[in-house]
Amino acid sequence: MERIQKNIAHYHLPGLFEFYELYRAFLPLFREHREYFYDWCEIGSIYGAPADCIWGGGRVGFGDANPREVLALMREYGISARLTFSNSRLREEHLSDRKCNRLCKLFSEQGGNGVIVHSDLLLEYLKGHYPNLYFVSSTTKVLTDFRDFLDEVNREDFRFVVPDFRLNKAFDNLDTLTEAQKDKVEFLCNECCPFGCKDRKKCYENVSRKNLGEHCPDHHCTATGGREGYRFSKAMASPGFISVQDIPNIYLPMVFSNFKIEGRGLGSALILEFLLYYMTKPEYQIYVREAIYLDSMLDLF
């Protein structure tokens, strides 16, 4: 396993295929105007999946960017690309899917790329067929019990494990982890799902069924405010929210270095707000916002 650079937050950003054009505009700014951005953060990976991938999960994918162009952009900026293949309801017959296998073959040909997985069936298949890929245990497993989460961290299969966001502030337990265990923890920062929601796993299962083409009714969240859709302001009010101040003041001193930003199913304008909030110094946010908004190739709304 590669060593994590200490005192640096490695962000894992959403929309590898979904927001390719946004990153094509943002990444040159991040490289050429590094003074705009906090010196304690880097981009660890960008994750996502194209539309119509039956192995997909978490969100119904809508990305339509060319996979080779996506990988070329990631290679140019030295960023790991992750496929989000976190479908929880895969069966043996789904493993032969041509589109998903082609993507894994392509991603495995370039070193340093990974797959976010839920299904152990898929994990074992990928380990056997694409050993050059690394694996991330998906937050769609909804690991809310710390003992279950710790068991997952201790699995050698995974380079990173994303706990349920309700473990984000379990500091007494988190501080008992060894440094090697802490290196594998990837916190989900900006989830706006109600903290007391009991249907989170059902919601993810519904998405998995839809990605498999099963006819099933939409999942309707019964939690208070669950039908409002994503609101960053609502995420900020959550007890599990990890703020931009929390990362250098709390998590980095505890030797946690990996932070996932959700948003694959949102619009590029909101993804830009995440990039501004989590990565960009306040006095330079206007410069980044103007550069992105004035890019004629982007449709942010």
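The figures that follow rest on heavy atoms only: side chains count, while hydrogens, waters and symmetry mates do not.
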Please determine whether ring pair (Phe, Tyr, Trp, His ring centres under 6.0 Å) holds for the pair Tyr251 and Phe171, giving the CA-CA distance in whole Å, both sets of side-chain angles, and the decisive distance to 0.1 Å.
CA-CA 10 Å; Tyr251 290 88; Phe171 295 124; 5.6 Å; yes
Return the [atom1] to [atom2] distance between [X] and [Y], rounded to the nearest 0.5 Å.
X      : Y      : atom1 : atom2 : answer
Phe37  : Gln285 : CZ    : CD    : 10.0 Å
Leu13  : Leu22  : CG    : CG    : 9.5 Å
Arg89  : Asn211 : CZ    : CG    : 12.0 Å
Ile242 : Asn168 : CD1   : CG    : 4.0 Å
Asn66  : Leu71  : CG    : CG    : 9.0 Å
Tyr125 : Trp55  : OH    : CH2   : 5.0 Å

Relative to the ring of His33, is the ring of Tyr36 parallel (under 30°), tilted (30 to 60°) or perpendicular (over 60°)?
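Aromatic pair Tyr36/His33 classed parallel.
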[X] and [Y]: which non-hydrogen atoms are nearest, and at how many Å?
X      : Y      : value
Phe135 : Leu123 : CG-CD1, 3.7 Å
Phe107 : Ala81  : CE2-CB, 3.6 Å
Phe256 : Leu174 : CZ-O, 3.6 Å
Cys53  : Leu103 : SG-CD1, 3.8 Å
Cys104 : Phe85  : SG-CE1, 3.7 Å
Tyr134 : Gly112 : CE2-O, 3.3 Å

Salt-bridge present ([X], [Y]; N to O < 4.0 Å):
X      : Y      : answer
Glu273 : Arg289 : yes
Lys281 : Glu283 : no
Glu179 : Lys182 : no
Lys260 : Glu186 : no
Asp164 : Arg166 : yes
Glu42  : Arg34  : yes
Arg231 : Glu191 : no

Would the number of heavy atoms belonging to other residues, nucleotides or ligands and lying under 6.0 Å from [atom1] of [X] be above 12?
X      : atom1 : result
Asp172 : CG    : no
Lys127 : NZ    : yes
Tyr77  : OH    : yes

Evaluate the side-chain hydrogen bond (donor to acceptor under 3.5 Å, both in side chains) criterion for residues Ser137 and Glu152: first the C-alpha distance (whole Å), next the side-chain angles of each, then the deciding distance (0.1 Å), finally the verdict.
CA-CA 8 Å; Ser137 176; Glu152 196 80 354; 2.6 Å; yes
Within the side chain of His94, is there an N or O that forms a donor-acceptor pair under 3.5 Å with the backbone of Arg91?
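The answer is yes, because a donor-acceptor pair under 3.5 Å joins these two groups.
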Using a 3.5 Å distance criterion without hydrogens, assess whether the side chain of Asn132 forms a donor-acceptor pair with backbone atoms of Gly111.
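No, Asn132 side chain to Gly111 backbone: no donor-acceptor pair under 3.5 Å.
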Assess whether side-chain hydrogen bond (donor to acceptor under 3.5 Å, both in side chains) is satisfied between Ser243 and Asp246, documenting all intermediate values.
CA-CA 5 Å; Ser243 73; Asp246 289 339; 3.2 Å; yes
Do the non-hydrogen side-chain atoms of Ile54 and Asn87 ever get within less than 4.5 Å of each other?
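SC-SC contact between Ile54 and Asn87 ruled out.
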Between Ser138 and His118, is the side-chain hydrogen bond (donor to acceptor under 3.5 Å, both in side chains) condition met? List the steps.
CA-CA 5 Å; Ser138 174; His118 182 127; 5.2 Å; no
Verify salt bridge (charged side-chain N to carboxylate O under 4.0 Å, His left out) between Arg155 and Asp157, making sure each step is shown before the conclusion.
CA-CA 5 Å; Arg155 291 179 63 177; Asp157 294 323; 3.4 Å; yes
Judged by modelled atom types alone, do Asn101 and Tyr130 share a side-chain donor-acceptor pair under 3.5 Å?
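The answer is yes; a qualifying pair exists.
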Criterion ring pair (Phe, Tyr, Trp, His ring centres under 6.0 Å) on Phe274 and Tyr277, from CA distance to verdict:
CA-CA 5 Å; Phe274 298 156; Tyr277 175 80; 8.6 Å; no
Steps toward side-chain hydrogen bond (donor to acceptor under 3.5 Å, both in side chains) verdict (His12, Asn258)
CA-CA 7 Å; His12 304 277; Asn258 290 282; 2.9 Å; yes
